[in-house]
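Report on the following structure.
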Amino acid sequence: MSNTELSTTYNARETENEIYKFWEDNNCFKADAKSSKPAYSIVIPPPNVTGVLHMGHALDETLQDILVRYNRMLQKEVLWMPGCDHAGIATQNVIEKNLAREGKSRHDLGREKFLELTWDWANKHKDRILEQCKLLGASFDMSRRRFTLDEGCSNAVKKVFVDLYNKGLIYKGNYIVNWCPRCQSAISDVETNYETEDGHLWEISYALKDEMGAIVIATTRPETMFGDVAIAVNPKDYKYKDLIGKSCVMPLTGRVIPIIGDDYVDKSFGTGALKITPAHDPNDFEVGIRHNLPQIKVIDEKGCMMNNEYVPPQLQGLTREEARKKTVEMLESNQVLVRVTQHVHNVGKCQRCNTTIEPLLSRQWFVKMKPLAEPAIEAVKTGKIKFIPERWEKNYLMWMENIRDWCISRQLWWGHQIPAYYHNKTGEMVVALENPDPNNYTQDKDVLDTWFSSGLWPFETMGWPDTSHPDFKKFYPTTTLVTGFDIIFFWVARMITMGLEFTKQPPFSTVYIHGLIRDEHGQKMSKSKGNTIDPVDLIEKYGCDALRFTLTYLCTYGGQDIKISDEKFEFGRNFANKIWNASRFVLMNISKSKDELKLEPEKYTIADKWILNEFNKCAKTVNENLENYRIGEVATILYDFFRSKYCDWYVELSKIEKNEAVLVYVLENFLRLLHPIMPHITEAIWQKMPVKKDTIGILNTQYPQYDKKFDYNDDAVKMETVFETISALRNVRAEFNVPLGAKIDIIIDKNKELYSQIIPYLERLAKVNSVKFETNPAAEKSAFCTVNDTKITIPLAGLIDLNQEIARQQKKMDKLEKELNSIQARLKNQNFVQGAPKEVVEKAKTQKDELEKEINLIKETIKKLS
RNA sequence: GGGCGUUUAGCUCAGUUGGUAGAGCGCUUCCCUUACAAGGAAGAUGUCGGGAGUUCGAGCCUCUCAACGCCCACCA
């Protein structure tokens, strides 16, 4: 990278691969736990081993990398910890699907063989997604990469489980859980999604025992009736209250069950009477506990009717769906089906496979969440942990304040096996880090919810439980957590609770929540919809920096979802190309050596002062916005500065008169400011620049800051006048179709001091032939333009159309007058003059004066023309 | 049922303490002016969802209505 020539069009891919390799070869991303510099650390939200890179990762990783690179340039010791999640159910599903293709199930292999197979697969795919992240330019420390099932994480998981158990915060018990008959496992509440479905409400008549009459209940799930243990009515319901304490006879089976009273029953819903099936409905389960009722299971783990005394023989073994149909038929032929109505209701679905959940009575492990949630609520309320944007705090708090116990056991094989051991003969249970006696004790077959281990991610990756580990000491707690709002409950909340419980510190101080990536119609991207965009394709087509810049530009502070389409990334590509070419121009036009390129304030032109002033403002706002996580704003500011200020004006002016040192200084520092967003192109150009380099690359240079010595506001204002003049003259040329080759003469009535400085600019940029200064020039056959109080006359014999010119002037005057009217109205208002801040009033007065002057100028001009 | 978000130019969206609206794409006209046509110059386009209020002044604050979207809850 020593040649100073740059190719004419920017070849993003070639450059990016080369540059990333350069950083890797130089170990640029490696964090030093022994460094004395202040620490900045981020842990990656570990992508699933099963995963391939998608747009969500692209956004998430880009934002993290921006923060990481920014802080690295602020000269902090930066650790970005990469790694993957074993993703229990998701991974097991993939492997089982592969087996199914061979006509096998996991049971054909047995646990050991199955795990062997899964490990092979996981090892093969573990680094794939992190390798893909490198295509995004991710500057994480691969030497530290972790996996939630590696030895360190497994030890942390065991320790946490045992400690929580010993503190009484983990318990095992028979409760109703969300059971997925396809995954063959319990899942937690947050893994259950509800979908609205059209169903039926069946009203079934239960005959009273030992007397005439019947009670009619309403149900959406008649097949569960065989597990009924009571009929419940509201004690305040006059229709039924006398029946409480009596019994009824169940249709089809003849079993006798009591009628009970419970406030939970809604008098106005259905028939006002409710069958109670504790083993298959969460609410009924609660009612059953209150009334000390038995729990009768009639549906098994596969979602089929059980073969037991409660289920009629002809239904045994049928699926839930078949059994429902058959049950209804049987009820009908027994003439106990009173009525069927359409009923829209919500049905729980497994988040992983969308199978309808079966609420099932089951023996599972739970974490008692209330005591853990309290400090987690406190940490957010007191501001120890801040959410950005702030509104997510409310969301988090609401969930935390209504937290329910967390079912953590899964009937899977892939995951952390629960460290509970049962005596083979006595059944005695021991919860411990190790099996007390492998000959006599057998480990619990269940594994833990994936989120149990990812909940420990910020500290289990830093050496914990060894709190003297250098990484733990240097880099924990981490600084910022970056993620989408979709996993606040699954992951963020659990990291906070676990972090506080086990390290007594919040695992991070800021949670930066961004939106989700959607397709151009606002639809969530999914493989099944076929609307996904592959970031790898985008990188191939437009380049990684283009992808990063575009995403960043679209990522606004409010954390709105981001709609994308392929073509949107042309924006970033075009910008990269612009940067490349502008840099090419600069490098081609530098004749001085790096030692000669010194800023010499005494030689600055007003243009130099203007661009230095603009850059200085740019550096200031960029830093402020990065500090406040307004990352999209940063992209906008940098884009605007580079295109509208540096390229459109300063580079153009430099073709007339150049200060090489300023040209190079501003470019180099702009590249630094941009580096966190577009790391490769900025590094590639920087390497070729004739500047002093005492770091390996641009990535560890100092991040530019506001510098008082570059405050040149007065000159900047003058320069704006120059630009306005040039634009006004160009407008005249365009308006009257002055041929490109033709030069114009202009007569300026005042402000000679400034204009005489910039005659070469006018000549080159507005194709001016001659400049005269005259207070009252002859105005015939001329066009005019006004810039503040200055009038410029442009004789255009042969081209000028007087009416057209009058109309043009009139239009400008109308616009100015409208503005003036509004300001005048304000200034006439005593309330405004007295009530508004002094500066605002002063500003309005100045504006008024300026507007009046300019309007008078135009009026005079029009008068002369007509 | 509870909570949150969105509504600004044809499209996608910015708009940080209230001071009188911007970008990208698209569109019109001109230009391959030796950094860049993935470019340059000039230009058109908005009763800031409706209504009311606070204020000297509202895209921004308050209330209300409407449409769309999301989250939580889960009355069988």
Side-chain angles (χ1 to χ4, degrees), chain A residues 6 8-10 190 194 201-202 217-221 224 232 264-266 268-271 273-277 281-284 343 345-348 391-392 394-395 398-399 402 485-486 488-489 515-516 520 522 542 546 550 553-554 556-565 567-568 570-589 621 624-625 628 630 632-633 636 639-640 644 647-648 651-652 655 726-727 730-735 737 740-741 764-767 819 822-823 825-837 839-841 843-844:
Chain A
L6 299 178
T8 46
T9 48
Y10 177 51
V190 276
Y194 287 88
L201 200 57
W202 284 277
I217 58 92
T219 181
T220 53
R221 299 199 57 196
T224 64
Y264 161 71
V265 182
D266 180 351
S268 60
F269 188 90
T271 61
L274 172 63
K275 70 188 202 55
I276 300 298
T277 321
D281 182 283
N283 294 306
D284 292 7
H343 181 61
H345 61 148
N346 291 329
V347 178
R391 67 188 150 90
W392 291 110
K394 198 171 176 182
N395 192 263
M398 255 161 60
W399 190 73
N402 297 296
F485 59 79
D486 51 334
I488 290 178
F489 303 148
L516 264 34
E520 55 194 314
Y542 299 112
T550 307
Y553 187 85
L554 295 174
T556 59
Y557 181 73
Q560 292 304 311
D561 289 350
I562 298 170
K563 287 188 217 173
I564 60 161
S565 58
E567 317 81 61
K568 277 196 173 172
E570 287 176 8
F571 177 62
R573 178 201 59 183
N574 294 353
F575 187 45
N577 196 55
K578 186 78 181 173
I579 294 166
W580 187 256
N581 280 298
S583 304
R584 221 175 101 230
F585 172 84
V586 171
L587 294 188
M588 287 186 325
N589 284 280
T621 49
E624 284 167 358
N625 282 292
N628 294 309
R630 295 176 177 271
E633 186 69 15
T636 310
Y639 182 88
D640 181 63
S644 317
C647 292
D648 289 355
V651 168
E652 289 306 316
K655 292 175 182 171
I726 291 168
S727 293
R730 282 170 173 172
N731 177 275
V732 169
R733 296 185 63 106
E735 200 75 27
N737 300 315
L740 263 181
R764 167 93 183 220
L765 298 178
K767 298 229 155 89
E819 253 180 84
S822 138
I823 291 179
R826 247 187 294 167
L827 285 169
K828 267 181 205 153
N829 188 326
Q830 281 309 300
N831 290 323
F832 171 73
V833 178
Q834 282 156 20
E839 316 86 73
V840 175
V841 179
K843 197 177 148 196

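Just so it is clear, the structure is predicted and the values come from calculations on it, not from any experiment. Computed over heavy atoms, backbone and side chain alike; hydrogens, waters and symmetry mates excluded. Here is how names work: the chains are called A, B, and so on, in the same order as the sequence lines, proteins then strands, and each is numbered from 1.
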Across every strand shown, the nucleotide meeting Watson-Crick or G-U wobble geometry with B:U62 (both distances under 3.5 Å) is B:A52
For A:His343 and B:A76, is the shortest distance between a side-chain N/O and OP1 or OP2 below 4.0 Å? yes
Base, sugar-phosphate, or nothing: which does A:Ser727 touch, judged by heavy atoms less than 4.0 Å apart? sugar-phosphate
So what does A:Pro282 hit on the nucleic acid, given a heavy-atom distance under 4.0 Å: a base, only sugar-phosphate, or nothing? nothing
Under 4.0 Å, counting only non-hydrogen atoms across every strand here, what does A:Asn829 touch: a base, just sugar-phosphate, or nothing? sugar-phosphate
Side-chain (A:Asn731) to main-chain (A:Ser727) donor-acceptor, under 3.5 angstrom: no
Between the base of B:A35 and the side chain of A:Glu652, is there any donor-acceptor pair under 3.5 Å? yes
Would you say the side-chain atoms of A:Ser644 and A:Asp640 include a donor-acceptor pair closer than 3.5 Å? yes
What interatomic distance, in whole Å, is found between C1' of B:U8 and the corresponding atom of B:A23? 13 Å
Suppose you measure atom P in B:C11 against the same atom in B:C71; what distance do you get, rounded to whole Å? 27 Å
Counting only Watson-Crick or G-U wobble pairs whose two distances fall under 3.5 Å, which nucleotide matches B:U28? B:A42
What distance, rounded to whole Å, do you find between the two P atoms, one in B:G50 and one in B:C60? 10 Å
Side-chain donor-acceptor pair under 3.5 Å between A:Asn581 and A:Arg584, yes or no? yes
Within the 4.0 Å heavy-atom criterion, would you say A:Lys578 contacts the bases, only the backbone, or no part of the nucleic acid? base
Roughly how far apart, to the nearest Å, are B:A9 and B:C13 at atom P? 11 Å
With sugar-phosphate meaning primed atoms plus P, OP1 and OP2, does A:Arg573 contact a base, only sugar-phosphate, or nothing at under 4.0 Å between heavy atoms? base
Considering only heavy atoms and no angle criterion, is a donor-acceptor pair shorter than 3.5 Å present between the side chain of A:Asn346 and the base of B:C74? yes
Nearest whole Å is fine: how far is B:G18 C1' from A:Glu839 CD? 15 Å
Checking all strands, does A:Lys655 fall into the base, sugar-phosphate, or nothing category for heavy-atom contacts under 4.0 angstrom? base
Write down the distance separating the C1' atoms in B:C56 and B:C61, rounded off to the nearest Å. 16 Å
Taking B:U47 as the reference, what is the distance to B:A58 when you measure between their C1' atoms (whole Å, please)? 14 Å
Report which part of the nucleic acid A:Asp284 touches: base, sugar-phosphate, or nothing (heavy-atom distance under 4.0 Å, all strands). nothing
Sequence neighbours left out, what passes side-chain contact (heavy atoms from CB on, under 4.5 Å) with A:Arg730? Give chain and number order. A:Trp649, A:Ile726, A:Leu765
